[in-house]
> 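The structure follows.
Start at 1 with the first residue, then count along the sequence.
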Amino acid sequence: MDLDLLFNPWVISIIIIVFVIGNLASMKYLGQSHLVRKNPRAKSDLDKLIDIYKEKDQQDKAGQKRKADSDDTKQ
């Protein structure tokens with residue numbers, strides 16, 4: 001008798017509808033973060049870090065060049 005209720009087409013339909021609606025609600029809640037478009041002009045953290053290293057390398061090269069120039073003038 002209990003299995004008759006479980007295999008009733010109305011019960012199966014309600015379970016499927018609840019499952020589909022639950023999945024749609026979870027996709028709507030969790031999927032919004034993936035659908036948000038990023039600003040293409042905004043730099044990512046990696047791009048900012050690369051720029052910092054490039055600036056540091058340029059400063060190091062300029063410092064070495066100044067040091068070499070000052071060593072040449074001393075000799």
> When rounded to the nearest 0.5 angstrom, what distance separates CG in Asp4 from CG in Asn8?
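So the gap between those two atoms works out to 8.5 Å.
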
> Is it the case that one hydrophobic cluster holds both Val20 and Met27, taking links as side-chain heavy atoms less than 4.5 Å apart, direct or via other members?
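Yes.
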
> Apply side chain to side chain donor-acceptor pair (under 3.5 Å) to Asp51 and list each qualifying residue two or more places apart in sequence or on a separate chain.
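For Asp51, the residues satisfying side chain to side chain donor-acceptor pair (under 3.5 Å) (neighbours in sequence not counted) are Lys43.
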
> The criterion is side chain to side chain donor-acceptor pair (under 3.5 Å); which residues satisfy it with Asp47, sequence neighbours excluded?
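In terms of side chain to side chain donor-acceptor pair (under 3.5 Å), with neighbours along the sequence ignored, Asp47 is linked to Ser44.
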
> Less than 4.0 Å between a side-chain N and a carboxylate O, is that true for Lys56 and Asp60?
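Salt bridge flag = yes for Lys56 with Asp60.
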
> Would you indicate whether the side-chain heavy atoms of Ile15 and Val18 approach each other to under 4.5 Å?
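A side-chain contact is absent here, since even the closest heavy-atom pair is not under 4.5 Å.
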
> Specify the closest pair of heavy atoms between Ile12 and Leu6, including all atoms of both residues, with the distance to one decimal.
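The pair with the smallest heavy-atom distance is CG1-O, 3.8 Å.
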
> Measure across Leu5 and Val11 and return the closest heavy-atom pair with its distance rounded to 0.1 Å.
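Nearest pair, atom of Leu5 first, then Val11: O-CG2, 3.3 Å.
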
